[in-house]
Amino acid sequence: MFNIISYILFLSITSYVTVDVGRRCYREGKAYLKYLLHDESLCLTINRLLLGSYYLVNLGYIAVSLAFWGKIGSMEEVVTVTAGRIGNIILILCVLHYLNLLTFYFLRKKLTLK
């Protein structure tokens, strides 16, 4: 019973976070990519690829996370396990986001040196 409650909480919160953050990064990322690359069609293509990759990584991690979920025996465990899993997803996405920003920064630096 507690596992089902935890699954529902986990899936609803991670779904909201995934869609909301994906939309925000896609919308705001256009301007950042245009600033870095100065080619609108290339920027839109890269932005769509990043959004698709973002959704695939997120869905994959959520599926793997659910597959290795242990037995939950109390409401306290529901909160701690669910919060821990959601926190892991958010931290992983944060690291990936900053790696993307650094990659594009260094790519831009390399392009301006030529």
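One is the number of the first residue; the rest follow in order along the sequence.
Put simply, Leu102 and Tyr98 are part of the same group of oily side chains (I, L, V, M, F, W, Y) that touch within less than 4.5 Å, one to the next. Cluster annotation: Leu91 is not connected to Val21 through the hydrophobic network of ILVMFWY side chains, with a link wherever side-chain heavy atoms come within less than 4.5 Å. Placement of Leu11 and Met1 within a single hydrophobic cluster is found when ILVMFWY residues are connected by side-chain heavy-atom separations under 4.5 Å, directly or transitively. The hydrophobic clustering, which links ILVMFWY residues whose side-chain heavy atoms are closer than 4.5 Å, places Val57 and Tyr55 together. The hydrophobic cluster containing Tyr7 also contains Val17, counting ILVMFWY residues as joined when their side-chain heavy atoms lie under 4.5 angstrom apart, directly or transitively.
The main-chain N or O of Glu77 is found under 3.5 Å from a side-chain atom of Thr80 such that the two form a donor-acceptor pair.
In this structure the side chain of Thr14 never reaches within 4.5 angstrom of the side chain of Tyr61, judged on heavy atoms. Residues Phe104 and Leu50 have side chains in contact (heavy-atom distance under 4.5 Å, counting atoms from C-beta outward). No side-chain heavy atom of Leu101 sits less than 4.5 Å from a side-chain heavy atom of Tyr105. Residues Ile89 and Phe10 meet the side-chain proximity criterion, which asks for heavy atoms closer than 4.5 Å.
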Take Leu96 and Tyr54, measure what side chain to side chain contact (heavy atoms under 4.5 Å, CB included) needs, and give me the verdict at the end.
CA-CA 9 Å; Leu96 289 174; Tyr54 164 79; over 6 Å; no
Side chain to side chain contact (heavy atoms under 4.5 Å, CB included), that's the test. Do Leu9 and Val78 meet it? Break it down for me. CA-CA 9 Å; Leu9 280 172; Val78 166; 4.0 Å; yes
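Here Thr18 contributes atom OG1 and Ile13 contributes atom CD1; the two are 11.5 Å apart, rounded to the nearest 0.5 Å. To the nearest 0.5 angstrom, Met75 atom CE is 5.0 Å from Ile5 atom CD1. Atoms CG and CG, from Asn47 and Leu42 in turn, are 10.5 Å apart once rounded to the nearest 0.5 Å. Rounded to the nearest 0.5 angstrom, Leu107 CG and Thr103 OG1 are separated by 8.5 Å. One distance of note links CD1 of Ile90 with CG of Asn58; it measures 9.5 Å at 0.5 Å rounding. Going from atom CG of Leu44 over to atom OH of Tyr26 covers 6.0 Å, rounded to the nearest 0.5 Å.
Under a cut-off of 6.0 angstrom, the local environment of CZ in Arg27 is crowded, with over 12 non-hydrogen atoms contributed by other residues, nucleotides or ligands. Atom CD1 of Ile4 has 12 or fewer heavy atoms from other residues, nucleotides or ligands within 6.0 Å.
What you find for Leu51 and Gly22 is that their closest heavy atoms are CD1-O, 3.4 Å.
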